[in-house]
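Predicted, not measured: the structure shown is a model, and the values here were computed from it.
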Amino acid sequence: MARRAGFDNLSLDLIAGLPGQTLTDWRTNLLEALALEPEHLSLYLLEVKEGTTLARQLAAGRLPLPDDDLAAEMYLLTMELLGEAGFEAYEISNFARAGYRARHNLKYWRDLPYAAFGVGAHGYDGVERYWNTDRLEDYFTAVDGRRHAVVARTRRTPHERWHEALMLGLRLDEGVDPAMLHAGYGIDLWRDYAAPLEELRSAGLLMVTDGRIRLTPRGRLLSNEVFVAFS
């Protein structure tokens with residue numbers, strides 16, 4: 001229907017690691033998605049948030065707990081099938097055909113400003129993060145009265161800005177340039193984090209190519225462990 005309506009750039013979002021989901025189920029999901037011939041795919045591993053209905057169901061034993069090893073197998077299968085289908089794994093959870101990387105999302109991962117439009121929307125001006133009210137009636141009233149609905153702003157510390165830029169940059173296949181991090185945030189990655197860098201390289205989680213630091217395929221699976229090492 002979207003194609004018939006004239007859209008020529010379609011993206012699908014899928015979640016792997018659902019309670020009770022098997023590797024065969026996930027393969028079927030991927031093949032069904034590929035059969036629709038989208039230009040972009042966002043494929044995320046399930047994250048269970050505290051306070052949600054799902055978290056309560058898992059805690060009560062009403063649903064099976066997610067299996068981390070199975071989720072890893074699903075991710076590896078994703079890399080294999082999408083690679084064979086011609087998709088670039090340009091970010092840990094995002095895959096695109098040539099020329100169809102998500103330009104909007106790349107602004108997040110490259111620590112660039114973006115605007116907030118709509119109820120509950122979040123924005124970033126390069127220094128502060130801000131967000132709009134998440135109540136519809138309050139949104140209308142605020143926009144009519146003061147031309148915006150921003151309800152809060154927060155400014156990150158220099159360390160928080162640097163750590164987030166590193167973390168988000170490592171999610172990309174292009175990795176991060178230590179020289180640019182130093183110029184932009186004043187942190188000398190080679191000097192200030194020499195020990196964790198060497199440890200992560202020895203563990204096969206990071207690699208250095210063309211002067212840039214990137215996650216290895218194994219590092220993509222264990223990215224949270226990598227990010228924690230620089231906190």
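Using a 4.5 Å heavy-atom cutoff, the side chains of L197 and L206 are in contact. No side-chain heavy atom of L43 sits under 4.5 Å from any side-chain heavy atom of I15. Side-chain contact check for E80 versus L76: every heavy-atom pair is 4.5 Å or farther apart. Looking at heavy atoms from C-beta onward, T53 lies in side-chain contact with Q57 at the 4.5 angstrom threshold. W190 places a side-chain heavy atom less than 4.5 Å from the side chain of V208.
What you find for N9 and R3 is that their closest heavy atoms are N-NH1, 4.1 Å. Of all heavy-atom pairs between P64 and L58, the closest is O-CD2, 3.2 Å. When every heavy atom of L10 is checked against every heavy atom of P38, the shortest pair comes out as O-CB, 3.6 Å. In this structure, P66 and L46 approach most closely via the heavy-atom pair CG-CD2, 4.1 Å. When all heavy atoms are compared, the tightest approach of A116 to N132 is O-ND2, 3.8 Å. For the pair A229 and P196, the tightest heavy-atom approach, listed with the atom from each and the gap, is O-CB, 3.9 Å.
Between the OG1 atom of T28 and the CD atom of Q21 there is a distance of 10.0 Å, given to the nearest 0.5 Å. Residue F95 holds its CZ atom at 5.5 Å from CG of L82, rounded to the nearest 0.5 Å. Atom CD1 of I92 sits about 10.5 Å away from atom CG of D173, to the nearest 0.5 Å.
Contacts classified as side chain to side chain donor-acceptor pair (under 3.5 Å) and involving residues 202-215 (residues at least two apart or in different chains) are given here: E198-S202, T209-R214. Sorted by first and then second residue, the pairs that involve residues 204-231 and meet ring-ring contact (aromatic ring centres under 6.0 Å, His included), not counting sequence neighbours, are Y193-F230. Sorted by first and then second residue, the side chain to side chain donor-acceptor pair (under 3.5 Å) pairs with a member in residues 60-77 read Y75-R220; sequence neighbours excluded. Residue pairs meeting the ring-ring contact (aromatic ring centres under 6.0 Å, His included) criterion with at least one member in residues 17-38: none, sequence neighbours excluded. Legend: salt bridge (Lys or Arg N to Asp or Glu O under 4.0 Å) pairs involving residues 117-129, not counting sequence neighbours, sorted by first then second residue: D125-R153, E128-R153, E128-R155, R129-E164.
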Residues Y44, L14; criterion side-chain contact (heavy atoms from CB on, under 4.5 Å); working and verdict: CA-CA 6 Å; Y44 297 98; L14 298 177; over 6 Å; no

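The main-chain N or O of P113 is found under 3.5 Å from a side-chain atom of K107 such that the two form a donor-acceptor pair. For the pair S223 (side chain) and G219 (backbone), a donor-acceptor distance under 3.5 Å is absent. A donor-acceptor pair under 3.5 Å is absent between the side-chain atoms of N94 and the main chain of S42, judged by distance alone.
Side-chain heavy atoms closer than 4.5 Å link hydrophobic residues (I, L, V, M, F, W, Y) into clusters, and following such links, even through other members, never connects Y139 to V150. Linking ILVMFWY residues whenever their side-chain heavy atoms come closer than 4.5 Å, directly or via other members, leaves L45 and M79 in distinct clusters. A chain of hydrophobic side-chain contacts below 4.5 Å, direct or via other Ile, Leu, Val, Met, Phe, Trp or Tyr residues, connects L189 to L168. In this structure, M207 is not a member of the same hydrophobic cluster as L181, with clusters built from ILVMFWY side-chain heavy atoms closer than 4.5 Å. M180 and I213 are members of different hydrophobic clusters when ILVMFWY side chains are connected at heavy-atom separations under 4.5 Å.
The closest side-chain donor-acceptor pair between Y185 and D111 falls under 3.5 angstrom. Side-chain polar atoms of D25 and T22 form a donor-acceptor pair below 3.5 angstrom. When only modelled atom types and interatomic distance are considered, T24 and R27 share no side-chain donor-acceptor pair under 3.5 Å. A donor and an acceptor atom, one from each side chain of H148 and Y130, are nowhere located under 3.5 Å apart. Y124 and R156 share a side-chain donor-acceptor pair at under 3.5 Å.
For L222, the side chain to side chain contact (heavy atoms under 4.5 Å, CB included) partners are L205, R218, E225, not counting sequence neighbours.
Note: W162 and H159 have tilted aromatic rings, judged against thresholds of 30 and 60 degrees for the angle between ring planes.
Under 4.0 Å is where a charged nitrogen must lie from a carboxylate oxygen, and between E199 and R201 no such pair does.
Y90 pairs with exactly one of R171, H40, R101, E174 by the side-chain hydrogen bond (donor to acceptor under 3.5 Å, both in side chains) rule, that one being H40.
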